[in-house]
Amino acid sequence: MADERIQRVTMPKWGLSMKTGKIIEWFVAEGDTIAKGDDLADIETEKIAGTLESPREGLLRRIVGETGKDLPVGATLAVVAPAEVPDDEIEAVVAEAMAQLESGALDEGDEVAPSTVEVDGRSISYITLGAGDDGSGGDPVVLVHGFGGDKNSWLFVQQPLSETHTVHALDLPGHGQSGKDVGDGSLDTLADTVLGFLDAVGADRAHLVGHSLGGAVVARVAARSPERVASLGLLAPAGYGSAVDAEYLRGFAAASSRRELKPLLGRLFADESQVTRQLVDDLLRYKRLDGVSEALTTMLGTLLVGDQQAIDLPALLEKVSVPVTVVWGGADRILPVPDGVDLQRVDAGHMLHMEAANDVLRHIQATVS
């Protein structure tokens, strides 16, 4: 029986389709004492790169995961144990991990299939993790993406949150795998979708987390139906001030080729190398679906008046009494950091929940706890 003091750090599962990851760089070395939350390594997936944080504290006895090699989800990357645990016991754990890897037992990761509900005659696709009673005994969390996004944009956030809460990530109308009919595309129509979704999944109340347009949507839900909202997490929400990259919004809605789309996507990140070929391909497939162009064009009318923002978020928040946390990427080029707003700043661009996921996650966890 293995010594219970020996702990493994394994390849995380970021996103529902992730099966493998590649270590780009280790930030720690064998013999280092690590604390929970310390950055251990940069890991690249087919979607995007992220930083692996230590899930535990202790002495790093062995690094098992090789840099530059594709490793399956669940593969042992490192071994943590007190100094008094004998080396031969550590080596036995490493040998077991290598044998498991070579056997191919970890090559097939479990995938969670999306579910669908009907809301106001529209098909709404969503993914639920942590199904059942929340580990906290509290309200579920609902994640709402921004303009042109989908439920997969929460790949670094949903699974960690699901360790303590039931977490739903949905596709708004016109996005992802949901129906492409957006009606008038207004904030009220989108807020109706979120409220209808809460009804459909049996949630009397929920913590709502929204990014960009999704931030304005969940704020509208809280302003209209405060009894349904436990807290708001707003990530670079639309509607603070007038400044916006209108060229990006219109360009994204109109783009129909890789040549047009890729440079636009670069504006979403502080580090443009985050725009992988897979990310561009996924968005091109979405853009070419029937009804998407019309849906996005309709919603431009909700986001823009001329070249300025059309949404007045402070007016919505005046009607909100629940706890509100605002988080913004300091290098956001789509919605610049507003002045005079009480917010948490992270080192990222507009897609802060992908580019600075660990920092954003901490702020969300503090809000929903």
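Here, residue 1 is the first one in the sequence, and each next residue gets the next number. These figures come from a predicted structure and were not determined experimentally.
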Name the atoms and distances for all side-chain donor-acceptor pairs under 3.5 Å in residues 29-39, with sequence neighbours left out.
| residue | atom | partner | partner atom | Å |
| --- | --- | --- | --- | --- |
| Glu30 | OE2 | Ile63 | N | 2.9 |
| Asp32 | OD2 | Ala29 | N | 2.8 |
| Asp38 | OD2 | Ala35 | N | 2.8 |

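- The shortest distance between side-chain heavy atoms of His175 and Leu296 falls below 4.5 Å.
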List, one per line, each side-chain donor-acceptor pair under 3.5 Å for residues 64-72, sequence neighbours excluded.
none

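- Classification of Glu260 and Lys287 as a salt-bridged pair fails, no side-chain N sitting under 4.0 Å from a carboxylate O.
- Residues forming a side chain to side chain contact (heavy atoms under 4.5 Å, CB included) with Pro338 (at least two apart in sequence, or on another chain): Tyr240, Trp328, Val341, Leu343.
- A search for salt bridge (charged side-chain N to carboxylate O under 4.0 Å, His left out) contacts involving Glu44 returns nothing, not counting sequence neighbours.
- Residues passing the side-chain hydrogen bond (donor to acceptor under 3.5 Å, both in side chains) test with Arg345: none are found, sequence neighbours excluded.
- Val157 pairs with exactly one of Asn358, Val209, Leu361 by the side-chain contact (heavy atoms from CB on, under 4.5 Å) rule, that one being Leu361.
- In terms of modelled atom types and a separation under 3.5 Å, the side chain of Lys180 and the main chain of Ser178 share a donor-acceptor contact.
- Applying the side chain to side chain contact (heavy atoms under 4.5 Å, CB included) rule to Gln274 yields the partners Ile48, Ala49, Phe269, Asp271, Glu355; only residues at least two apart in sequence or on another chain are considered.
- We find that Asp192 and Arg122 are not joined by a salt bridge, their nearest charged nitrogen and carboxylate oxygen being 4.0 Å or further apart.
- Looking at His350 and Ser212, their side chains do bring a donor and an acceptor atom within 3.5 Å of each other.
- For the residue pair Lys151 and Gln177, a side-chain donor N or O sits within less than 3.5 Å of a side-chain acceptor on the partner.
- Evaluated for a side-chain contact (heavy atoms from CB on, under 4.5 Å) with Arg228, the options Val322, Asp199, Leu208 yield exactly one hit, Asp199.
- Remark: of the listed residues Arg333, Met354, Met351, Met351 is the sole one forming a side-chain contact (heavy atoms from CB on, under 4.5 Å) with Leu268.
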